[in-house]
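Reading through the structure tokens given below for one structure.
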Amino acid sequence: MSEGTAKKEERRKFQAIKGTRDLLPPETALWNRVEQIAQKVFASYGFSEIRLPIFEPTELFARSIGLDTDVVSKEMFSFTDPANVIKSLVQDALQAGLGVDLKNFEQAFQSSIEEKVQFISLRPEATASVCRAYIENNMQQLPQPVKLYTFGPMFRRERPQKGRYRQFYQVDAEVLGGSDAPGIDAELIEMVMTFFDRLGLEGVQLDINCIGDKKCRPKYAELLRAELSKVKDKLGPDSQRRIETNPLRVLDSKLESEQKLIEGMPHIADHLCEECAENYRGVKKELELRGVNYRENWRLVRGLDYYSRTTFEITAKGLGSQNAVCGGGRYDGLMELLGGPPTRATGFAIGEDRLILSLQEAGKTPAPQGRDVYIAWMGEKAYATAVRVAKNLRAAGLSVELPPVEQKFGKALGQADKLGARYALILGDNEVSSGEWTLKTLATGEQAKFKEADLLDHLRKARGLSS
RNA sequence: GUGGGAGUAGCUCAGCUGGUAGAGCGUCGGACUGUGGCUCCGAAUGUCGUGGGUUCAAAUCCCAUCUCCCACCCCA
């Protein structure tokens, strides 16, 4: 008993790290369904899957996302390789009789650090990796544009809340290369809307905006900053700070008291350069052509530096205050920023955790997977037969549960029932000696006798009819 | 990083102003040794999140701490 208690305590010590979680069986079926439908829909739009590393050089994210964003400055999980390099450098120095001056530490060790250490981060998003892969694998030599999608976990060291985790999952699609034709953005949006539609996602709302490019956005940002400054004292502390750091972000404010003021601010649509304005008109026209319902939202801005022109966001119902289930847009300058050839690009990321959450809230969870056949056997002779038939039925694609130890029939049927089996195959002395097996339909309680040769055929037919 | 709420059995929770734990569900066993779902009977499982303090006595009061949930910041 004391041993049992000790074991239990041992087990209790371990728990998933803050912001991470286990995805358990009935739910994982839904994850699989989402990913399978994504693959099918994306493939129908000519997208291919790319699989990427989960960690990359820290520099890749610092360069693409922007050094001064929260994502890079404090939300990345970063480490060095080798892990304890700083310590070992200090030890080396001490052993060599050199003093360690904390004040000039970084400078003193700069060259050895650069030589021996790699700074690595778990990816906080996928776009930078996709671009790196495009450049590294010379994909500009493929027919353009290159259309790629990927799934997987991302990592951000944020405080968890509803629909937000430190390890979270994204479904990501990017169109790299080619032109900035509005049809590319519109088709991408059409694709994700089709995907959501296929899943039966409810309360889907698409918001779009154009945030200009390198030429016109800075001018607008300045204008907005000037206008906001005039009413600075009427804004809350967060917005006041954002006037300096990122005036566009003020437009995102949820504070009730600020809404009226923000409504009176200049709209970016009136300050786009001619190319951007033309492009935006094109995107809207293309969306209409495709029958995609959208809402223009001039206050929709993007947090990450590399976005330009088209931005969009999709919200769904059943979520908490983090209700965006997809965000995306064009990022024509990013590839060059990462040392690649000038390459236009656009893409989106779906928050898969939130997508799943919304589907669950709407009751779209698929039924837990039952078994097709539970084999209720009794007696050693029957067991040998049971093992053989289990193997055959499984080879035919049926899901079969074969209890490893003998059970009373009552118990066996109870188990079959709890596991959601459709049929119980009853194999006892009677059946084995007569060669006539009993198949019981659990839902109705009906029983029928089959010879071994006919059983598989019958099950196949019954299954074909129901599914 | 900031604020609010919550931690009692595997799950959902009860436990009044201090007297060292209970229910329902689930699990397992039996009634029923070749026929499940229903019913009835029985059993197991808790260092009451953790550490400290007050007290003759703490799940209950005080302090600290951890974790989870929700929201803010930020963002998908």
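In what follows, every chain begins at residue 1, and chains take the letters A, B, ... in the order their sequences are listed.
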Legend entry - Nucleotide nearest A:R159 when distance is taken to its side chain, options B:rU35, B:rG3, B:rC74: B:rG3
Inset, instruction - For A:K411 and B:rU33, give me the distance from atom NZ to atom C1', rounded to whole Å. - result: 13 Å
Legend entry - Touch class at under 4.0 angstrom, heavy-atom based, for A:G428 against every strand present: base
Legend entry - A:E158 CD - B:rU2 P separation (whole Å): 16 Å
Legend entry - Rounded distance in Å - CD1 (A:I65) to P (B:rA76): 9 Å
Legend entry - Non-neighbouring partners of A:E56 that pass salt bridge (charged side-chain N to carboxylate O under 4.0 Å, His left out), sequence neighbours left out: A:R132
Inset, instruction - Indicate, with a heavy-atom threshold strictly under 4.0 Å, whether A:G19 touches base, sugar-phosphate, or nothing. - result: sugar-phosphate
Inset, instruction - Mind checking A:A316 for me? I need base, sugar-phosphate or nothing, with any heavy atom below 4.0 Å counting as a touch. - result: nothing
Inset, instruction - Would you mind classifying the nucleic acid contact of A:G328 as base, sugar-phosphate or nothing, using non-hydrogen atoms under 4.0 angstrom? - result: nothing
Inset, instruction - Please state whether the base of B:rA71 and the side chain of A:Q322 form at least one donor-acceptor pair under 3.5 Å? - result: no
Inset, instruction - Determine whether any donor atom in the side chain of A:R164 lies under 3.5 Å from an acceptor atom in the base of B:rC75, or the reverse, and answer yes or no. - result: yes
Legend entry - A:R156 (side chain) and B:rA76 (base): donor-acceptor pair under 3.5 Å: yes
Inset, instruction - Classify the angle between the aromatic ring planes of A:F450 and A:H458 as parallel (below 30°), tilted (30 to 60°) or perpendicular (above 60°). - result: tilted
Inset, instruction - Check the distance between B:rC75's P and A:R157's CZ and give it to me in whole angstrom. - result: 18 Å
Legend entry - Pair assignment for B:rU60, Watson-Crick or G-U wobble, requiring both distances under 3.5 Å: none
Inset, instruction - Report yes or no: does A:D372 contribute a side-chain atom to a donor-acceptor pair with the main-chain N or O of A:V400 at less than 3.5 Å? - result: no
Inset, instruction - Spell out yes or no: do the side chain of A:E75 and the base of B:rG1 have one donor N/O and one acceptor N/O closer than 3.5 Å? - result: no
Legend entry - Side-chain N,O (A:K418) to OP1/OP2 (B:rC28) below 4.0 Å: yes
Legend entry - Side-chain N or O of A:K408 closer than 4.0 Å to phosphate OP1/OP2 of B:rG30: yes
Inset, instruction - Pick the C1' atom in B:rC40 and in B:rA57, then give their distance to the nearest Å. - result: 41 Å
Inset, instruction - May I ask you to evaluate whether A:K440 reaches the phosphate of B:rG36, defined as a side-chain N or O under 4.0 Å from OP1 or OP2? - result: no
Legend entry - Phosphate-side-chain proximity, A:S321 and B:rC72, N/O vs OP1/OP2 below 4.0 Å: yes
Legend entry - Identified pairing partner of B:rU35, criterion: Watson-Crick or G-U wobble below 3.5 Å: none
Inset, instruction - Send over the distance from A:F348 CZ to B:rC75 C1', rounded to a whole Å. - result: 18 Å
Legend entry - Six-ring centre of A:Y149, A:K147 cation under 6.0 angstrom, axis tolerance 45°: no
Inset, instruction - Tell me which of A:Q161 and A:E352 sits closer to the 5' end of RNA chain B, going by the nucleotide each one is nearest to. - result: A:Q161
Inset, instruction - Quick one: label A:A324 by what it contacts on the DNA or RNA (base, sugar-phosphate, nothing), any heavy atom closer than 4.0 Å. - result: sugar-phosphate
Inset, instruction - Locate the shortest heavy-atom distance separating A:L176 from A:C131; write the atom from each residue and the value. - result: CD2-SG, 4.5 Å
Inset, instruction - Answer yes or no: does a side-chain N or O of A:Q415 lie under 4.0 Å from OP1 or OP2 of B:rC28? - result: yes
Inset, instruction - Spell out yes or no: do the side chain of A:D429 and the base of B:rG34 have one donor N/O and one acceptor N/O closer than 3.5 Å? - result: no
Inset, instruction - Describe the nucleic acid contact of A:N430 in one word from base, sugar-phosphate, nothing, applying a heavy-atom distance below 4.0 Å. - result: base
Inset, instruction - Hey, can you tell me if A:F155 and A:F77 have their rings parallel, tilted or perpendicular (30° and 60° cut-offs)? - result: perpendicular
Inset, instruction - Just compare B:rG36, B:rC73, B:rA76 and give me whichever is closest to any side-chain atom of A:Y307. - result: B:rA76
Legend entry - Atom pair distance, as rounded to whole Å: NZ in A:K18 and C1' in B:rG7: 14 Å
Legend entry - For atom NZ of A:K162 and atom P of B:rC74, their distance in whole Å: 22 Å
Inset, instruction - Among B:rG34, B:rC74, B:rA76, find the nucleotide with the atom closest to the side chain of A:R242. - result: B:rC74
Inset, instruction - Check for a donor-acceptor pair, side chain of A:S239 on one end and backbone N or O of A:G236 on the other, with a separation under 3.5 Å. - result: no
Inset, instruction - To the nearest Å, give me how far apart CG (A:L251) and P (B:rC74) are. - result: 12 Å
Inset, instruction - Establish whether the base of B:rU67 is bridged to the side chain of A:Q15 by a donor-acceptor pair shorter than 3.5 Å. - result: no
Inset, instruction - Compare side-chain N and O positions of A:Q170 against OP1 and OP2 of B:rA76 and report whether any pair is under 4.0 Å apart. - result: no
